[in-house]
Every structure is written in structure tokens, then in C-alpha cells.
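This report refers to the structure that appears directly beneath it.
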Amino acid sequence: MLDLEQRNVQYLSGVGPVRAALLSGELQIETLHDLLYYFPYKYIDRSRIFSISEVDGTMPYIQLKGQILSFEKIGEGRKQRLVAHFTDGTGVADMVWFSGIKYTLDRYRPGVEYVVFGKPTIFGGRVNIAHPEIDSEANLNLSEMGMQPYYNTTERMKKAGLNSAALRKLIKNLLALITEPLPETLPEWLREQERLMPLTDALRIIHNPMTPLELRLAQLRLKFDELFYIQLNLARFVSERQSRFKGYVFSRIGEKFNRFYRDKLPFELTDAQKRVIREIRNDMGSGNQMNRLLQGDVGSGKTMVALMTMLIAIDNGYQACIMAPTEILSEQHYANINRYLKGLGIKVELLTGSIRGKRRERILKGLIEGSINILVSTHAVLEDNVEFSRLGFVVIDEQHRFGVAQRARLWGKSDMPPHVLVMTATPIPRTLALTLYGDLDVSVIDELPPGRKPIQTEHYYDGNHTSVYALLDRELKKGRQAYIVYPLIEESEKIDLKNLEDGYLTICDRFSGYSVGKVHGRMKSAEKDAEMQRFKRAETQIMVATTVIEVGVDVPNASIMVIENANRFGLSQLHQLRGRVGRGADQSFCLLVTPYQLSEDTRKRIEIMTATCDGFEIAEADLKLRGPGDLEGTQQSGIVFDLRLANLARDGVLIERCRELAREIIAKDPQLTSKENRLMGRILKRLKKSPFDWSYIS
Ligand code: ADP
Ligand code: MG
């Protein structure tokens, strides 16, 4: 049988060594299989012939049938163009060529019946089609053309004549070689149950559909392949992990937890916090190792959840560790946790890169002896010489700053992998989470503590700085503090830095009665921390900063943020930044300043930001605006490159269905060894050899 994966594309009729080199160099198409899976990016319906009298300038692509009345050359030299006056009896349309004039004149004759195809415009009151495709009706066989596929090609390919039409021909040659069905990728029972067409049919149709409905069904079948195997792989991964590693069983709700709850908790937990603590408690008692992702908007109270669940670990005789991505955040956690736990007899320590010498030694000793109950740390905890006596629970705050390899190193710190809670304030749309973090269970805090007022967000143009400064003035006079944020993006780092410096001087000048601080990424981390601490202690009232303040910094007295050049930030980044204010009970403000000229996308982003403070709503909008390829986490994972047809933003229903099926199948047959599932097992094994690295998931 024809093995498409073994057959080099060079030997396909119409290819040869030169085109093969182009296909490989430009599109990474090496084999016939690669070519078959190079799908069109759009289709144009060519089953219909229009009459000239019904054409208007808004139609995308059309087909006309008629004759050339005459040719006319207009202009001189390089500006010369060729016009063919063309009629179908209902009117006259002009076909126009700006190049290839001689070739066109040689090839087509007046008085012969042609079908012309192209994009119509109205020019001088007449229908014009520039560089149409022209053919005789007999050649075209319209009834069999259906929807014409279009393939992406590169400039280099086009120069060598390997354009979309040429690819179409090559793929036609390839399809002609396929005389018997290709090996199926889905078992028949599943195909039948889900009403999916056979693979070979789907591949044929996707390159040459007759009707839009047929095309949709073919696409559905191929998308299913892509999404289903991702979910099956995840389901198997989770099931293997569960059978390989038992989890520590935390069966007790003990004295520390109860005393804290009764005597120390400074506020009533929100219902969402209570629910999440219950979910975590169930995991910890289940005998399986917990791997849970906790999503909750900035200010939703994730830290309290982390703290109370750490108490459960301690009550059961284990140590807990919470990791933050920066020193300043770990110091903040350390201070808060110590304050909350005062008088409970729990030993909390802080370990960061800058803690050295005797103090460090003392902490390392306390960890290994077990006298330290909670360690608050940064990456510093990952170093080999940091060892625990009984590490049972790890909380990772702001997960996206930690790589996978780093998460994996935590596992080596105890004889069984500890329970892991990953917390993120970047809400991830559900469809993306199901794919990217599909091996984690997800908890969501979807409720803010009572009394929080949504941050009032307004848009100002560059020319309105007077109003912006007036608002700043008003807040500062009330004794509140302010952030002024500038973009700092690597390509233009120098200019950006200058903008920030200029902005700093302007602010110092305009607000001379206040002290102004400054932080940016070029500063040493100790300097940065010192500046932030000064702001926290309210020794400075205004902080001019780049996005380094993005994550987790808590200064409840800051009530206003100005974001300069807000057009240069993405939605989720704007949302994260904005979360630095609105941490107290009073009304807070966020002012987005942009130039007058804005792109359509930017205008949408600003509109969304001023309309809502709901992180999930913003994340969904972001996914739709940018597509999943640009979202944090997707690029590193490479997952988007594996998806040719499926779209994480649009195919939510299918993703859910695939996940459900995958879980059912793995629950019944974890090794995929039964006769009806064996095929899927083989395909999974092959997928694992692909560039997609599943091990990135903790
Ligand atoms: P997150 O880490 O989710 O952004 P934090 O845990 O820092 O949020 O909480 C933000 C603020 O809200 C903190 O000052 C915290 O003490 C407070 N907070 C947390 N939970 C509650 C609650 N249930 N009621 C009132 N205030 C709360
Ligand atoms: Mg936090």
C-alpha cells in the first residue's frame, strides 16, 4: 500500500527537485503525507456564474461567462496596461492586465467563449476584473468544481510559479494516487457514535468540497482528530500519574486550622473561597496527589485560601511551601502570613536569593529538621541544597512565571510528590485551560470580597493631560497614592526608557509638592525593591514605573493609575496592571491615555477595558481578538502549531466533547489495550514522538 509518510514529495508528478526544495524550505512539506495535510485557508464557490448586469462592487469573487469583444492597449512603456472588453449579453465588463500583456494577447482570442474569474471592482461605471483567471468552460468542468480551495504560499514560491493554483494541481495529482482508503485514525465505533466521516473522505473533501455543508463535515472530522488526541493524551497522562504516585493523605482537620478559623480570621470568607477550600481539602484527603490550578481575579483573596490550606498540611504533620515569582512578592507574603498566624505557634521563614550567610544556614537547618512549618520563597527554594524534612504541600503563586522544569524540581524535595496548588490571576478562558492545563483540576474564585468597588476606567487622548493631572491632583490631595505606567517593550527599549525618564521629569515638575519614585526593568533588583518599599511605606506618593509592578504588589492606599501609551499594551496586561489599584474599599481610578490615531483592535481593547473589570470577560475577549497563538502559555507549549484546523477560541463545544470522551475511554481502559481501543493507543504513541512536548505539564 502507498505509505504517504515514506514517500518524498519530490517524486509526485509536477514536483521535481526544485519545487521539492521550495516546499520543504518554505512550508516544511517533505512527504506526501505533509502535502496532504496542507489544508486550504479559504474556499471560493465556483459553481455559480453571474451575469454582468447583477454585479456590484461589493462582491468578493465572481465568475462570468462570455466572449472578448476586443483588446485595447492603454498607456505607454512600463505604465502600459491591457484591457479586454468582455460581454455576456447583459453588459460589458473590462478585464485588465498590468503585466504579462504579450502572453495574454497570444493566449486568448476574441469571439471564443470563456469563463473568467476574479474580484470585481467598479471603475468608471463599469465592472473591472484585474488579472482574472480565464479558461474555457470545457476545461473547467464547472459542475465538478464546487468550491475552489486556496492555499497559502510564500513570495519565494510565487516567484517560482508555485502559487495557490499550482499547489491545487499538485494536490489533485496526489489525490489521484490514493486509490484505496488510508489507514484510519479513529476506531469505527467512535466514528459511528460521533457521526464522523472516514478519514480518507475528509481529506479528499477538504481539498475539493462540492458544498459548504460537505466542507463543514470534513473539517469537523479533521478537527476532531486534532482535539481528541490532545485530550486523550492528557487523560492518559493524569491516569498514569495517579497510578504511579499515591498522594499524602491529609485526613485531619486539626487544631491549627480550627483555631485560625475561630480566632484569627479577620473577615468572613466569601462563598467562593469556602468552596475552593473544600475542593482542596477533598483532594488532599483522597489518596491521590493533588494538581490543582486556582484561578481568581486580582484581589479575589487567593492568598487566604493558600494560607488556610497550608494549615491543613501542618495539622497533618507536614511542611508547606509557598513560592512567589519575585523577592518583593515573597516578602509581602511573608509579612502577611506572619501577621495572620501570630500566636498560633507556627514557624514561618522567608528564603530568597538575597538571604545569605548565617541566616541562610539557620533556615536550611530548620527545614531539614522540620522545625520550620511554612517556607515562603522564590526560585531560591529550587536549589539542590534546600531540603525539607516532610514537604507535603506546595503553593505556586502566579504560575506563568515558573517554567515546567522548575515545577518538576519541586517533586524531588520529598519522597512522594507533594500536593501542588498553582495560583494564577490571569484568568484563562475555559477552552484554553482545558487544553493547556488539561491535566490540572481547576478551581475558580469568581467572587470578590464584599465592598469592593469596580475600578472606574476612563480613556483620555494625549492632548488631555490637563484633565488627567487634575484627577491625579484630586486623589493625591486626599492622601492617596498614584501609579504612572509606561510601556517598555524590548525592540524600542531605548526610546521607551527616554519616554519614562521624560515622563518622570514632567511629573516631578508638575507635582513638585509630592515625592516621586521610579522603577524600571533596567534597575538592579535590590534598587527596584527599595523603591517599591518606599512607595509601600508611603514615603513616595507617585510611582513612575514600567510593567515591573504588574504582578501582585499590594499597596491598598494607591487609588489611581495612569497608563501612558495604553495602546501598546495587550488586554490581559492592562487588566493585570489595573489590578494594582482598587485594593481598598474606596473608589479607584484607571486612566488609559492613548494617541488620537488608534487601530480598530486598539479601540476595541480600550472599549472592553472601560466597560468591564471582570477578568474572565476580558480573557475571553482577548482570546477572540488575538487568537490563541498570542496568549501567554500557548507559545511555549507549541500546542497551537499542532492545530491546523481547530481553533481554541471557537471550538469550545468540540473541545468539551473530546475531553468527556477521552476521560470515559481512559477510565474504562487506562492502557488502551482492548481490541476496540488499540488503534488509539498506537496513535498516541506516535504522537508522543512528535515535537509537541507533553512533559511541560507538571
Ligand atoms: P489575590 O492574591 O487573589 O490577588 P489577595 O489574597 O492579595 O488577593 O487579597 C486581596 C485583599 O483582600 C487582601 O488585602 C486580603 O486581606 C483581602 N481579602 C481576602 N479575602 C477577603 C474576604 N473574604 N473578605 C474581605 N477581604 C478579603
Ligand atoms: Mg496574590
Side-chain angles (χ1 to χ4, degrees), residues 260-262 264-280 292-311 320-342 350 374 376-378 394-402 421-428 442-455 480-481 483 532 536 548-559 561 572-586 588 590 613-616 618-619:
F260 178 81
Y261 194 80
R262 216 178 42 230
K264 301 280 177 187
L265 190 61
F267 37 69
E268 176 84 17
L269 293 176
T270 62
D271 287 344
Q273 283 171 316
K274 284 185 198 159
R275 188 190 66 236
V276 170
I277 291 173
R278 252 196 324 270
E279 285 166 353
I280 294 172
R292 192 168 274 281
L293 177 68
L294 172 56
Q295 296 192 40
D297 224 331
V298 269
S300 61
K302 294 184 294 295
T303 314
M304 186 50 71
V305 170
L307 174 63
M308 293 184 64
T309 47
M310 286 196 286
L311 293 180
C321 169
I322 178 166
M323 291 167 75
T326 63
E327 295 208 354
I328 182 160
L329 283 173
S330 61
E331 279 159 22
Q332 196 172 285
H333 277 319
Y334 178 66
N336 286 337
I337 290 172
N338 257 330
R339 184 163 43 87
Y340 284 134
L341 295 183
K342 210 177 217 160
L350 174 71
I374 294 180
V376 182
S377 191
T378 57
V394 175
V395 181
I396 302 177
D397 196 10
E398 307 298 351
Q399 123 281 346
H400 55 279
R401 307 279 158 124
F402 283 103
L421 181 70
V422 174
M423 306 200 295
T424 175
T426 312
I428 303 160
V442 179
S443 288
V444 179
I445 304 187
D446 49 7
E447 182 187 359
L448 291 179
R452 292 281 167 75
K453 293 194 182 66
I455 301 157
R480 310 304 297 269
Q481 288 163 279
Y483 291 106
M532 281 313 298
K536 246 184 123 155
V548 292
I549 55 156
E550 197 178 327
V551 171
V553 176
D554 197 9
V555 183
N557 189 45
S559 64
M561 171 176 285
S572 73
Q573 211 178 9
L574 286 172
H575 180 64
Q576 288 293 308
L577 280 169
R578 179 169 64 178
R580 299 305 114 223
V581 293
R583 307 208 126 215
D586 290 341
S588 291
C590 177
C613 284
D614 180 326
F616 280 94
I618 289 171

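Just so you know, residue 1 is the first one in the sequence shown, and it goes up from there. One-based numbering, in listed order, for ligands and for the atoms of each. All of these numbers come straight from a predicted model, not from anything done at the bench.
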Inset, instruction - Give the contacting part of E268 toward ligand 1: side chain, backbone, both or neither, where contact means a heavy-atom distance below 4.0 Å. - result: backbone

Inset, instruction - Do me a favour and list the nearest non-hydrogen protein atom to atom 4 (O) of ligand 1 with residue, atom name and distance? - result: G299 N, 2.6 Å

Inset, instruction - Specify the closest pair of heavy atoms between M304 and P266, including all atoms of both residues, with the distance to one decimal. - result: CE-CD, 4.4 Å

Legend entry - Check ion pair D397-K302 (N to O, under 4.0 angstrom): no

Legend entry - Minimum heavy-atom distance between A558 and S588, given as atom pair plus value: O-OG, 4.3 Å

Legend entry - For atom 21 (C) of ligand 1, closest protein heavy-atom neighbour: F267 CE1, 3.2 Å

Inset, instruction - For atom 14 (O) of ligand 1, grab the closest protein heavy atom and report residue, atom and distance to one decimal in Å. - result: D554 OD2, 4.2 Å

Legend entry - Atoms in ligand 1 flagged as close to L269, the criterion being non-hydrogen separation under 4.0 Å: 23 (N)

Legend entry - Least distance between heavy atoms, K342 atom then K264 atom: O-NZ, 2.6 Å

Inset, instruction - Tell me which protein heavy atom sits closest to atom 2 (O) of ligand 1, plus the residue, atom name and distance to 0.1 Å. - result: T303 OG1, 3.4 Å

Legend entry - T424/Q295 under side-chain hydrogen bond (donor to acceptor under 3.5 Å, both in side chains): CA gap, chis, key distance, verdict: CA-CA 5 Å; T424 175; Q295 296 192 40; over 6 Å; no

Legend entry - Pairwise side-chain contact, I445 with L294, heavy-atom cut-off 4.5 Å (strictly under): yes

Inset, instruction - Identify the heavy atoms of S443 and R292 that sit nearest to each other, and give their distance. - result: OG-NH1, 2.8 Å

Inset, instruction - Would you mind telling me if ligand 1 is within reach of the side chain of N336, the backbone, both or neither, using heavy atoms under 4.0 Å? - result: neither

Inset, instruction - Can you sort out which atoms of ligand 1 are near T270, meaning under 4.0 Å from one of its heavy atoms? - result: 23 (N)

Inset, instruction - Quick one: pull up OG1 in T303 and CD1 in I322 and give me the separation to the nearest 0.5 Å. - result: 6.5 Å

Inset, instruction - Could you please spell out the steps behind the side-chain hydrogen bond (donor to acceptor under 3.5 Å, both in side chains) verdict for E327 and S330? - result: CA-CA 5 Å; E327 295 208 354; S330 61; over 6 Å; no

Inset, instruction - Using distance alone, determine whether G301 and ligand 1 share an N or O pair under 3.5 Å. - result: yes

Legend entry - Heavy-atom proximity to atom 17 (C) of ligand 1, best of K302, R452, M304, R339: R452

Legend entry - Atom indices of ligand 1 within 4.0 angstrom of D297 heavy atoms, with elements: 3 (O)

Legend entry - 4.0 Å heavy-atom contact, G296 with ligand 1: no

Legend entry - Y340: numbered ligand 1 atoms lying under 4.0 Å from its heavy atoms: 16 (O)

Legend entry - Top protein contact for atom 20 (N) of ligand 1, by heavy-atom distance: Q273 NE2, 3.0 Å

